[in-house]
Asker: 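Could you have a look at this structure, given as C-alpha cells, before my questions?
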2 protein chains.
Amino acid sequence: MNIGSAAEQSGLPVKTIRYYEDIGLVLPQRSENGYREFSNSDLERLKFLQRARSLGFSIEECRELLSLYGDRNRASADVKKLTQAKIREVDRKISELKSLRRVLSDLAEACHGDNRPDCPIIDDLAGQSTAAMGTFKEKGK
Amino acid sequence: MNIGSAAEQSGLPVKTIRYYEDIGLVLPQRSENGYREFSNSDLERLKFLQRARSLGFSIEECRELLSLYGDRNRASADVKKLTQAKIREVDRKISELKSLRRVLSDLAEACHGDNRPDCPIIDDLAGQSTAAMGTFKEKGK
DNA sequence: CTTGACCTTCCAGTGACTGGAAGCCCTAAC
DNA sequence: GTTAGGGCTTCCAGTCACTGGAAGGTCAAG
C-alpha cells in the first residue's frame, strides 16, 4: 500500500506519516521505485498512533505504548499507569482553564463594551484594576 | 533599569524579555555600555504582557491589546470582543478535555491493571476495543 | 587584580508537525 | 508518442513562544 492509502486509512496526513518514519515510529519497506510500501502491520501502527495522539499522548508516550503493544509480555499495569497519569494531567489542565475562564468573564462583565475609551479590561492588564482585583495580585516589587 | 530588575519586577524571564524586544513588543533604550535600559513605561508594557500571556492571549493578540492600550481613542468594545472570543476558546478547550477525560477513564476502568499481558487499553488503541466502544468509531475504511 | 554576577550577541533546539520547491513515476487520454 | 495530471520522493524552512548554551564584554566588591 502506498503512502496515500495509508494516510486515508489511518486518518493521518501524508506529511505526518513521513514525519513518523523520520522519527522511527513506523518503518515501511520501499518498493523498487522508491515508494514507501505499507504492510498491514504498518497500517495498524499508524492507526494506533492516530488514536493515541488524539487521546493526548505525546509522541514519546506513543513510542512507549507502541513498545508495550508489541511486547507479548507487557504488563497491563504499565499501560494503566500511563493512562492514569494522563488523566491527572487532563484534570490539571481543565482546572487551570476553569480558573482562567473565571478571570476572563469577570473582566468581560466589568467592561461596558461601548465606544468610550475607558476599558476595565485594559486597566486590569495594565495593573490598575478595579475589576477582578485580587485574583492575580501584583507580585511584590 | 537593567534587564535583570525588569525581569524581577515584571515576572518575566530575562530570555523572554529579550525575545519580546526581538519581535518588537518592547523597545528599551540602550545605555552607553550597550545594556538595555528599561523605563517605567517599558516596565508597564512588560507587566501588561506578563498578565495578558498568563490569561492565554497569544503574542499577536497581545500586540493588538498593547496597541489598544496605547490608543487613547480605543473602543472598549474592541477589547471586550477579544476577551469574549478568548472565553469561547477556553470553553471549547474545556469541553474537549472533558470528553477526552471520559474516554481515558473508561479505558482505565476497564483495565484490570495487573501483570497479565492482556490489556484493554492497548486493545482499544489497536482498534480491537470492547471498552469505550463507540466513543471513537473507526473512520470507515 | 581577581572573582563572580550580570550583561551582550548569536546559534541551535524544543514538539509535532506543515508548507513549498524541485524533481521522479505512473496512468490515461489524445 | 506525448502530454497532462496526480502521486510520490527529498530537502529545506517555518510555525509558536520560548529556552539553553557558548563566547565574550562590564561592573562592583574585596
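Throughout, protein chains are lettered first and strands after them, A, B, ... in sequence-line order, and every chain is numbered starting at 1. Just so it is clear, the values below take in all heavy atoms, side chains as well, and ignore hydrogens, waters and symmetry mates.
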Asker: Take the protein atom OH of A/Tyr19 and the nucleotide atom P of C/dT18, then report the distance between them rounded to whole Å.
Answerer: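 In whole Å, C/dT18 P and A/Tyr19 OH are 10 Å from each other.
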Asker: Find the distance A/Tyr20:OH to C/dA16:C1' and express it as a whole number of Å.
Answerer: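 These atoms are roughly 7 Å apart.
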Asker: So, using side chain to side chain donor-acceptor pair (under 3.5 Å) as the criterion, who are the partners of A/Glu89 when residues are at least two apart?
Answerer: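 If we apply the side chain to side chain donor-acceptor pair (under 3.5 Å) test to A/Glu89, skipping adjacent residues, the hits are A/Lys86.
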Asker: Could you tell me whether a side-chain N or O of B/Glu37 sits under 3.5 Å from a main-chain N or O of B/Gln29, the two making a donor and an acceptor?
Answerer: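 No; judged by distance alone, with no hydrogens or angles, the pair does not exist.
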Asker: NZ of B/Lys15 versus P of C/dG13: gap in Å, rounded?
Answerer: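 Checked: the NZ to P distance equals 14 Å.
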Asker: Give the rounded distance in Å between these two atoms: CG of A/Asn2 and P of C/dT27.
Answerer: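 Between P of C/dT27 and CG of A/Asn2: 10 Å.
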Asker: Short question: side chain of B/Ser31, backbone of B/Gly34 - any donor-acceptor pair under 3.5 Å?
Answerer: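 Not at all, since once roles are kept as given, no pair shorter than 3.5 Å links the two residues.
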Asker: Specify the separation, in whole Å, of atom CD1 of A/Ile59 and atom C1' of C/dT14.
Answerer: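 To the nearest whole Å, that distance equals 13 Å.
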Asker: If you apply the rule side chain to side chain contact (heavy atoms under 4.5 Å, CB included), what do you find for B/Ile3 with B/Tyr35, and how did you get there?
Answerer: CA-CA 8 Å; B/Ile3 198 168; B/Tyr35 286 17; over 6 Å; no
Asker: Mark yes or no for whether A/Lys47, through its side chain, and A/Ser10, through its backbone, hold a donor-acceptor pair below 3.5 Å.
Answerer: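 Answer holds: no.
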Asker: Does anything in residues 21-42 of chain B reach DNA chain D, meaning a heavy atom under 4.0 Å, and if so which residues?
Answerer: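 Result for residues 21-42 of chain B: B/Asn33, B/Tyr35, sorted by number.
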Asker: If you walk 5' to 3' along DNA chain D, what is the first nucleotide with an atom under 4.0 Å of a heavy atom in chain A, and what is the last?
Answerer: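 The contact span of chain A on DNA chain D goes from D/dG7 to D/dC11.
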Asker: With a 3.5 Å cut-off and sequence neighbours excluded, list the donor-acceptor pairs that the side chains of residues 11-18 of chain A form with protein atoms.
Answerer:
none

Asker: Does some side-chain heavy atom of A/Arg45 sit less than 4.5 Å from a side-chain heavy atom of A/Leu25?
Answerer: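 SC-SC contact between A/Leu25 and A/Arg45 ruled out.
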Asker: Estimate the overall bend of the helix from C/dC1-D/dG30 to C/dC30-D/dG1 from the end axes over five pairs each, rounded to 10 degrees.
Answerer: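 So the angle between the two local helix axes works out to 30°.
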Asker: Quick one: do B/Glu21 and B/Arg36 make a salt bridge, cutoff under 4.0 Å?
Answerer: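 Yes, this pair counts.
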Asker: Distance alone, cut at 3.5 Å: any donor-acceptor contact between the side chains of A/Asn2 and A/Ser5?
Answerer: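 Checked: A/Asn2/A/Ser5 side chains show no N/O donor-acceptor pair below 3.5 Å.
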Asker: Do any N or O atoms from the side chain of A/Asp42 and from the backbone of A/Ser39 form a donor-acceptor pair under 3.5 angstrom?
Answerer: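 Between the backbone of A/Ser39 and the side chain of A/Asp42 there is a qualifying donor-acceptor contact (under 3.5 Å).
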Asker: Run the side chain to side chain donor-acceptor pair (under 3.5 Å) test against A/Asp91 and tell me which residues pass, sequence neighbours left out.
Answerer: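 Here the qualifying residues are B/Arg101.
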